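Shown next, in structure tokens, is the structure this report addresses.
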Amino acid sequence: MSQKHPQMPKSYDPQAVEASWYARWEEAGIFGADARSPKPKYSMALPPPNVTGELHMGHALQGALYDMWARYRRMTGYEVLWLPGTDHAAISTQNVIERQLADEGTTKEELGRDRFNERVEAWYASVGATIMEQFKELGASLDFSRLRFTMDPGYVRAVRTAFVRFWEKGWLYRGPRIVNWCPRCLSAISDLEVEWQVHHDTLYYIRYPIEEVPGQGVLIATVRPETMLADTGVAVHPDDPRYRHMVGKHAILPLVGRRLPIVADEVVNREFGTGALKVTPGHDAVDWEIGERHGLELISAMHLDGRMDVPDLPAYDGLPSLAVRELVVRDLEAGAFLLKTEPYTHEVGHCDRCDSIIEPLISEQWFLKMGPMAERAIAASQRGQVRWHAQRYERTYLDWLRGIRDWNVSRQLWLGHRIPTYTCANGHQFASIDEPDHCPECASATLEQDPDVLDTWFSSALWPFATLGWPDDTEDLRTFYPTDLNATAREIINLWVSRMIMTGLEFMGAVPFSEVAIHSVVQTADGKRMSKSKGNAIDPREIIRRYGADALRAWGASVAMSSQDVRFDESRIEGFKRFANKLWNATRLVVDKLGEDSLAVPAPDADLDLVDRWILSRLQRTIEGARRGIEDFAPQVAINGIYDFAWHDFCDWYLEAIKPRLRDGDPAARAVSLHVLDVLFRLLHPFMPFVTEELWHRLPGDRDFVMRQPWPAGDSRFSDPDAEARVDKLIALVEEIRRARQAAAAPSRGGRLKLEQPWEPGSAALAADLAAVALVEELAAQGIALTEVAARVEFPALGVEPDTQTATRERLLRELQRSQAKLADEDFVAKAPQSVVDRERQRAADVKEALERLDGARVP
RNA sequence: GGGCGGCUAGCUCAGAGGGAGAGCGCUUGCUUCACACGCAAGAGGUCGCUGGUUCGAAACCAGCGCCGCCCACCA
């Protein structure tokens, strides 16, 4: 035994080695990217987690995927940059801090802006550090020397620069518009941040009298009667015969008395309700547009906190909107305006960050014109500059781009990137990258900055290049932009991915990445959405503590790209922990049997034993499958193939087969088993970096980190179909003997095997050994006939050989029948490809032969 | 309303035109000198339903049914 590896414990303990390997990797600086390296570059920017809390399973899955690609690319000759960072997540973080303050019995207003900012800074520092620690526990090979945060001074400049460039293009405009308003966040949010939830409400049918025709009225249907206080019109479809005569007349708004012009507009759905629509431009997006088209008055009847703002109607003024709804309904009923109600199920917008019901209302906001950028993004996509995996997701993105609307980029928050526009004492408004000290138009030094901040996604949209130093022309930016890959969950395809593509084209003139991988979303074991507020989220650190990071990662690789949702399944993670333990013990076995001599890597043309050639051929096939899996964005193919090879081919059969040779110090067995481990650890390293690193260093010789080794290139000359076929036969024979033994309830070892016809002597001896029987010339009794080769077997301690082969005979007969029926079908023989017909004939012949062996007679 | 995905063993999931697979669980037998985080043997499936295409369909097409996701001017 080598003194370098005195003793390996009986089982692998991930906890004992993972942290120290990570520290060694970091210390050696092997994750740092060298912009001046002559190697081809491969770069990825980690999707910056929100600094709102700790990482969840989705992050872990994503991190495992990214790290798999990062390590694979390094091992296949690339200079890899995988850049880490975090996102300030303005609205979410502000909510988190506000909740904390509420728990402490205070508010941000009481605290004041400065102390609030201190709280935020402290939060960012502590949570940001925790997040990076979690990535380290996962084994993520991030280049921490390039860690970025979306509120870094440099990043702030990038954001301001982007804003000013848009400003200079004339794409930014500010004005009162109907927006999605969160009355709890006290901020506008974009269309994409509205989460629609099903509500069971009531549809109210309300009669609005017609001014010009006494006694007549128009019946409208609404779920929000309280908003009628701000009605300024009634709309009907222009082609609706029921209402054509009313167009141009006026309705009188009940409870208020306002005159409402009756207008005709195409958007009115004649099928819905009564076909007549009350128009409330101040509190409904559709109505706002109708109002614009027909010049209707715009009335705002709500305060920003959701209370009604109707000073002329003191009965309702200042009350929450839902309370006013009840009062309005009561009063309508009293005035005989309410004709009927019916239950109504529909979707209501909620704030995706705090779940409050969104109030559409009028507010002054900054909008960014999106049309020109969207067109360029669509064109880039059509030129194939961005490839999506799975491809179908490209459509999600294109559909959104094609129907794109201007982006409300302003938010009324305390936290975030302040909008860099200023107004001077003389009313001149301008945008500035740097903090200005005077107005460029009139030199006034009295400047007021816009109080609003930018949508967090505005800064996120710049991530692939702002992290590399943009707007400066840095070496990193020149070297690593465009990046190669972005992997993300499908729910932020439009929020994030599409916007990165648009800004990348706009500011860098090139798409920010050429590949987009959409990975699956981790659900709870019972298929629910994991969320911390529901308390059903799983902490990846808990999983790592119990099963090791490698097990979590391997599970991630096996599910991330294979479906759109994946239920969290601890048993599969545990399976990969056992796999790590299996690798540990296989290594323990092999290393223990190696001598002090150095062993040559087996050559493809060496004169090797059948099983040696077989395992090398299987290894070759595994390498090819793993490479294809990784390159084709199907990591599950790679990890499953490696698992299957390592456990079932290598451990179950190869190591069992060569144990005697290892004991005897057979150089070929030593060299081949060592070689397989060597290749296996390199193959598997991108998926399970810790255990492979640990075991790699337990192999003989001075060894550098696995990640600095080449990922196995394979050599097609190791491919040996003949050896594979012969070992398949050998395995089938061993399994048949074991089955017979079990069926005969014979002891687990012992018994005799007699060949009835000559068979490869080496294979026969090995098969006998693996099946724990002795190879003999004569049996004591008749024995049990086998089907895989012409042979009979008998087991000790049995009076009469039991009939263990009836079931086999029946199965073979069924197969023969099916096969013969197929071959008797003229259409099949005539139309199926020759190779398929040939294979069927071969099958029939094999089954016939097996039956003849069983019965010792010719089968017709 | 539009689009997309899923429905395969008890559970979680692979498989994408030529004999149904894995992990876990289950049954039986093994303290075999790498591993009981293991070894060996086994049970278990009209591949959601109905039609169609094909010599041949779990896979391709159409329709339907659940479950989920995304998008939509969603009164």
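This is a predicted model, so every value here is computed, not measured. Hydrogens, waters and symmetry mates are skipped; everything else that's a heavy atom, side chains included, is used. In what follows, chains are A, B, ... by sequence order, proteins preceding strands, each numbered from 1.
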- Message: Classify A:Gly548 by what it touches in the nucleic acid, base, sugar-phosphate, or nothing, heavy-atom distance under 4.0 Å.
- Response: nothing
- Message: With side-chain hydrogen bond (donor to acceptor under 3.5 Å, both in side chains) as the rule and sequence neighbours excluded, what pairs involving residues 262-272 of chain A come up?
- Response: A:Asp265-A:Arg293, A:Asp265-A:His294
- Message: Any base atoms under 4.0 Å from A:Val223, or only sugar-phosphate, or nothing? Heavy atoms, all strands.
- Response: sugar-phosphate
- Item | Nucleotide paired to B:U50 in any strand shown, Watson-Crick or G-U, under 3.5 Å | B:A62
- Message: So if I take every side-chain heavy atom of A:Arg588 and compare against B:C74, B:C35, B:C70, which nucleotide ends up nearest?
- Response: B:C35
- Item | Distance, P atom - from B:C69 to B:G63, rounded to whole angstrom | 24 Å
- Contacts of A:Tyr397 that satisfy ring pair (Phe, Tyr, Trp, His ring centres under 6.0 Å) - sequence neighbours left out: A:Trp388
- May I ask you to say what A:Arg405 touches in the nucleic acid, namely base, sugar-phosphate or nothing, with a heavy-atom cut-off under 4.0 Å? sugar-phosphate
- Task: Using Watson-Crick or G-U wobble geometry with both distances below 3.5 Å, tell me the partner of B:U32, or none.
- Result: none
- Item | Separation between the C1' atoms of B:C47 and B:G2, rounded to whole Å | 30 Å
- Rounded to whole Å, CE of A:Met561 lies from C1' of B:G5 at a distance of 14 Å
- Identify the nucleotide, in any strand shown, that forms a Watson-Crick or G-U wobble pair with B:G44, with both distances under 3.5 Å; if there is none, say none. none
- Message: Using whole Å, what does the distance between atom C1' of nucleotide B:C67 and atom CG of A:Asp526 come to?
- Response: 14 Å
- Query: Just checking A:Ala586: base, sugar-phosphate only, or nothing, at a heavy-atom cut-off of under 4.0 Å?
  - Reply: base
- Task: Ignoring the backbone of A:Lys659, work out which of B:A34, B:A75, B:A72 is nearest its side chain.
- Result: B:A34
- So what does A:Tyr344 touch, heavy atoms closer than 4.0 Å: a base, only the sugar-phosphate, or nothing? sugar-phosphate
- Message: Applying a 4.0 Å non-hydrogen cut-off, can you work out what A:Trp288 is touching in the nucleic acid: base, sugar-phosphate, or nothing?
- Response: nothing
- Item | Pairwise P distance for B:A22 and B:C60, with rounding to whole Å | 23 Å
Mind listing the N/O atom pairs, protein and nucleotides 28-30 of chain B, below 3.5 Å?
from  : atom 1 : to       : atom 2 : distance (Å)
B:U28 : O2     : A:Gln742 : NE2    : 3.2

- Message: With a 6.0 Å cut-off (strictly less than), is the heavy-atom count around CD of A:Gln391, excluding the residue itself, greater than 12?
- Response: no
- Query: Which heavy atom of A:Gly641 sits nearest a heavy atom of A:Thr622, and at what distance?
  - Reply: O-CG2, 3.8 Å
- Note on the structure: Going 5' to 3' through nucleotides 52-63 of chain B and flagging B where a protein heavy-atom sits under 4.0 Å of the base, S where only the sugar-phosphate is that close, and - otherwise, we get ---B--------
- Task: With sequence neighbours left out, write down each residue that passes side-chain hydrogen bond (donor to acceptor under 3.5 Å, both in side chains) with A:Asp565, or none if nothing qualifies.
- Result: A:Arg490
- Message: Distance check needed: B:U32 C1' versus A:Leu655 CG, whole Å only.
- Response: 15 Å
- Task: Name the nucleic acid region contacted by A:Arg224, choosing base, sugar-phosphate or nothing; use a 4.0 angstrom heavy-atom cut-off, strictly under.
- Result: nothing
- Query: Contact class for A:Thr396 (heavy atom, under 4.0 Å): base, sugar-phosphate, or nothing?
  - Reply: sugar-phosphate
- Message: Taking the minimum atom-to-atom distance to the side chain of A:Phe272, which one of B:A41, B:A75, B:G68 wins?
- Response: B:A75
- Item | RNA chain B contacts among residues 563-585 of chain A, heavy-atom distance under 4.0 Å | A:Ser563, A:Gln564, A:Asp565, A:Val566, A:Arg567, A:Asp569, A:Ser571, A:Arg572, A:Lys577, A:Arg578, A:Asn581, A:Lys582, A:Asn585
- Task: Look only at the side chain of A:Asp632 and the backbone of A:Ala634, and say whether a donor-acceptor pair between them is shorter than 3.5 Å.
- Result: no
- Item | Distance, P atom - from B:C35 to B:A40, rounded to whole angstrom | 14 Å
- B:G5 versus B:A14 - spacing of their P atoms, nearest Å: 14 Å
- Item | Which residues share a ring pair (Phe, Tyr, Trp, His ring centres under 6.0 Å) with A:Tyr208, sequence neighbours left out | none
- Could you check which nucleotide pairs with B:C4 in any of the strands shown, counting Watson-Crick or G-U wobble with both distances under 3.5 Å? B:G68
- Query: Which nucleotide in the list B:G3, B:G18, B:A14 gets nearest to the side chain of A:Arg839?
  - Reply: B:G18
- Using a cut-off of 4.0 Å on non-hydrogen atoms, how would the nucleic acid contact of A:Arg741 be classed: base, sugar-phosphate, or nothing? nothing
- Query: Touch check for A:Asn494, heavy atoms < 4.0 angstrom, all strands: base, sugar-phosphate only, or nothing?
  - Reply: sugar-phosphate
- Query: Across all strands, who's sitting opposite B:U12 as a Watson-Crick or G-U wobble pair, both distances under 3.5 Å?
  - Reply: B:A22
Name the atoms and distances for all side-chain donor-acceptor pairs under 3.5 Å in residues 549-557 of chain A, with sequence neighbours left out.
from     : atom 1 : to       : atom 2 : distance (Å)
A:Asp550 : OD1    : A:Phe690 : N      : 3.1
A:Asp550 : OD2    : A:Phe690 : N      : 3.4
A:Asp550 : OD2    : A:Val691 : N      : 2.6
A:Arg553 : NE     : A:Phe687 : O      : 3.1
A:Arg553 : NH1    : A:Asp67  : OD2    : 2.7
A:Arg553 : NH1    : A:Leu138 : O      : 3.0
A:Arg553 : NH2    : A:Asp67  : OD2    : 2.8
A:Arg553 : NH2    : A:Pro686 : O      : 2.8

- Query: In terms of side-chain heavy atoms, does A:Asn585 have a donor or acceptor partner in A:Arg588 at a distance below 3.5 Å?
  - Reply: yes
- Task: Kindly indicate, with the supporting measurements, whether the criterion salt bridge (Lys or Arg N to Asp or Glu O under 4.0 Å) is fulfilled by A:Arg739 and A:Glu735.
- Result: CA-CA 6 Å; A:Arg739 252 194 319 273; A:Glu735 287 177 336; 5.0 Å; no
- Mark yes or no for a side-chain to base donor-acceptor pair under 3.5 Å between A:Glu656 and B:A34, with no hydrogen or angle criteria applied. yes
- Message: Ring of A:Tyr547, cation from A:Lys577 - is the NZ or CZ under 6.0 Å from the centre and inside 45° of the axis?
- Response: no
- Shortest non-hydrogen pair, A:Leu401 vs A:Ala374, comes out as O-CB, 3.8 Å
- How far does the P atom of B:G52 sit from the matching atom of B:G15, given to the nearest Å? 29 Å
- Task: With heavy atoms under 4.0 Å as the rule, sort A:Arg395 into base, sugar-phosphate or nothing.
- Result: sugar-phosphate
- Item | Criterion side-chain hydrogen bond (donor to acceptor under 3.5 Å, both in side chains) on A:Asp838 and A:Gln842, from CA distance to verdict | CA-CA 6 Å; A:Asp838 287 347; A:Gln842 185 60 48; over 6 Å; no
- Sequence-distant partners of A:Ser835, side-chain hydrogen bond (donor to acceptor under 3.5 Å, both in side chains), two or more places apart: none
- Query: Just how far, in rounded Å, is C1' of B:A72 from CG of A:Asn269?
  - Reply: 14 Å
- Item | Over all atoms of both residues, closest heavy-atom pair of A:Ile206 and A:Pro254 | CG2-CG, 4.5 Å
- Excluding sequence neighbours, so at least two apart, what forms ring pair (Phe, Tyr, Trp, His ring centres under 6.0 Å) with A:Trp584? A:Tyr12
- Contacts of A:His648 meeting ring pair (Phe, Tyr, Trp, His ring centres under 6.0 Å) (sequence neighbours excluded), chain-then-number -> none
- Item | Near-strand residues of residues 639-654 of chain A, defined as heavy-atom separation under 4.0 angstrom from RNA chain B | A:Tyr643, A:Trp647, A:His648, A:Cys651, A:Asp652
